[in-house]
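First the structure, in the form of structure tokens, and then the observations on it.
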Protein chains: 2
Amino acid sequence: MKEVQPVIDYISRYVDLTDAEKTHLATFLKITKVKKRQFIVQPGFVCKHKSYVVKGAFRGYLVDNEGKEHTLSFAIEDWWISDYSSLIYQEPATLFVEALEDSVLIQIEYEDEQKFLEEIPKLEKFERIITQRSLAFHQKRLLSNFTKTAEERYDEFMSKYSAIAKRVPQYALASYLGFSTEYLSKIRNRKTSKS
Amino acid sequence: MKEVQPVIDYISRYVDLTDAEKTHLATFLKITKVKKRQFIVQPGFVCKHKSYVVKGAFRGYLVDNEGKEHTLSFAIEDWWISDYSSLIYQEPATLFVEALEDSVLIQIEYEDEQKFLEEIPKLEKFERIITQRSLAFHQKRLLSNFTKTAEERYDEFMSKYSAIAKRVPQYALASYLGFSTEYLSKIRNRKTSKS
DNA sequence: GAATAAAAATGAACTGGTTTAGGAAATAAG
DNA sequence: CTTATTTCCTAAACCAGTTCATTTTTATTC
């Protein structure tokens, strides 16, 4: 039971759970280990769980008609990842979610979550709050993509998420920020030659 | 009490409320009328309520450093609108929310909502579900902006939301889709000369 | 319903970022 | 350690979408 504690702690930041509730909740949490380059979500398959990252790094991305990759999200320790749309509508995923390192996850199955949301209504509040924050984040990202240049978005990301930038391949970062790898090189070159 | 019924009905699509709960909820809902070009949210002021559109049309947009406008959202009848980030964190807004027509709203104050979420926990579920859907929508929009050309995004919008396209000024639509008014003209011209 | 302001169209010059194509460095695997 | 594979860098040609400047059309207002 101890190994799923990180998720119990995570939820406890938002709502107060009794010991009984914690124990009950823990029965639904499962540890999963995945190797680098392994997929935990693939297009065409319904996303069956949400995953909390205990150790490692992940990337969620779409491959478009021309075969180009577009990164929607990253996740490192203490973050969650899934194909959100596939999960909540229980329809086939459009994203790949791939381990960028050997990783350890705590997973919650969709049906189990539905079940314990009924059993412990307090968890609705937890879900609501983290979803609201994620929504606010995505709205900001959308506006940032509209208003800022490629270089400004790069600077913003580096100052906020340098921990992630250090751990993910450069093409993944470029595709998250919405421009080509080549252009990322150009930006970085511009900076190093300046200083 | 009858005039706030649309919001009661809206919520009832997601959760079952008793008559007592409906009556209680109704006491927190307020009708507001606004004229075309009037702002219901302005940068610098904390967004105090979420608004359901009974009649009319709205646009939420950001004005960047160069004075350019970027539309984050539209709302017509049976939609909600606010500066979401400002509302949930109760911090100064960054968006303008402006009436595009003479309109009628049903508004819920932030503090009142916090209160009745405590009193009627069922509403947490309602909030969770609509927030989840909005998040899924925004994720799709982000990816659409990455993967599709300006013309493809225009076509997609026209096929899904022609009702909105008909009611909002062209510069507002262009700034929602993420390109210039001039380019929208060019796209439209390309289409009419083809057919 | 004339006057004025706001919105939409047009076209030419321009630019931020892409594409293509190649080579250099770093990682992974036997 | 050596080879293969993946990742990263560079540079020139290119293009989707912008900018700027002007005109036409459509709403608003008195």
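Owing to the predicted nature of the structure, the values given are computational and were not obtained by experimental measurement. The basis for the numbers below is simple: all heavy atoms, side chains too, and nothing from hydrogens, waters or symmetry mates. Labels below follow one simple rule: chain letters A, B, ... track the order of the sequence lines, proteins then strands, and each chain is numbered from 1.
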Q) Which residue lies toward the 5' end of DNA chain C, A:Ser180 or B:Gln170, if each is placed at its nearest nucleotide? A) B:Gln170
Q) Parallel, tilted or perpendicular for B:Phe146 and A:His70, by the 30°/60° rule? A) parallel
Q. Using the ring of each side chain (for Trp, its six-membered ring), is B:Phe116 parallel, tilted or perpendicular to B:Phe28, with breaks at 30° and 60°?
A. tilted
(Q) Need one value for B:Thr181: base, sugar-phosphate or nothing, where a base atom within 4.0 Å counts as base even if backbone is also close, heavy atoms only. (A) nothing
Starting from [atom2] on [N], measure out to [atom1] on [X] and report it in whole angstrom.
X        : N      : atom1 : atom2 : value
B:Arg190 : C:dA9  : CZ    : P     : 14 Å
B:Ile187 : C:dA8  : CD1   : P     : 14 Å
B:Arg188 : C:dT10 : CZ    : C1'   : 15 Å
A:Phe179 : C:dT19 : CZ    : P     : 14 Å
A:Lys148 : C:dG16 : NZ    : P     : 18 Å
A:Tyr171 : C:dA26 : OH    : P     : 17 Å
B:Tyr154 : C:dA8  : OH    : C1'   : 13 Å
B:Lys186 : C:dG11 : NZ    : P     : 10 Å

(Q) Could you check whether B:Phe157 and B:Tyr176 have their ring centres less than 6.0 Å apart? (A) yes
Q) Would a line drawn from the ring center of A:Tyr10 to the ring center of A:Tyr52 be shorter than 6.0 Å? A) yes
Q: Provide the closest heavy-atom pair for A:Leu17 versus A:Ser12 in the form atom of the first, atom of the second, distance.
A: CD1-OG, 4.4 Å
Q) Do NZ/NE/NH1/NH2 and the carboxylate oxygens of A:Lys122 and A:Glu21 come within less than 4.0 Å? A) yes
Q: Determine, for A:Glu124 against B:Arg128, whether the closest basic-nitrogen to carboxylate-oxygen distance falls under 4.0 angstrom.
A: yes
Q) What is the 5' to 3' range of DNA chain D, first to last nucleotide, that sits under 4.0 Å from any heavy atom of chain B? A) D:dA16 to D:dT28
Q | Contact under 4.0 Å: A:Tyr183 side-chain N or O vs C:dT18 OP1/OP2 | A | no
Q: For A:Glu182 and for B:Arg37, find the nucleotide of DNA chain D with the closest heavy atom, then tell me which residue's nucleotide is more 5'.
A: A:Glu182
Q.
Please identify which of these residues, B:Val41, B:Thr32, B:Val34, B:Leu105, meets the side-chain contact (heavy atoms from CB on, under 4.5 Å) condition with B:Ser51.
A. B:Leu105
Q | Result of checking A:Lys36, A:Arg167, A:Lys55 against A:Glu101 for side chain to side chain donor-acceptor pair (under 3.5 Å) | A | A:Arg167
Q: Give me the bend of the helix from C:dG1-D:dC30 to C:dG30-D:dC1, using the axes of the five pairs at each end, rounded to 10°.
A: 60°
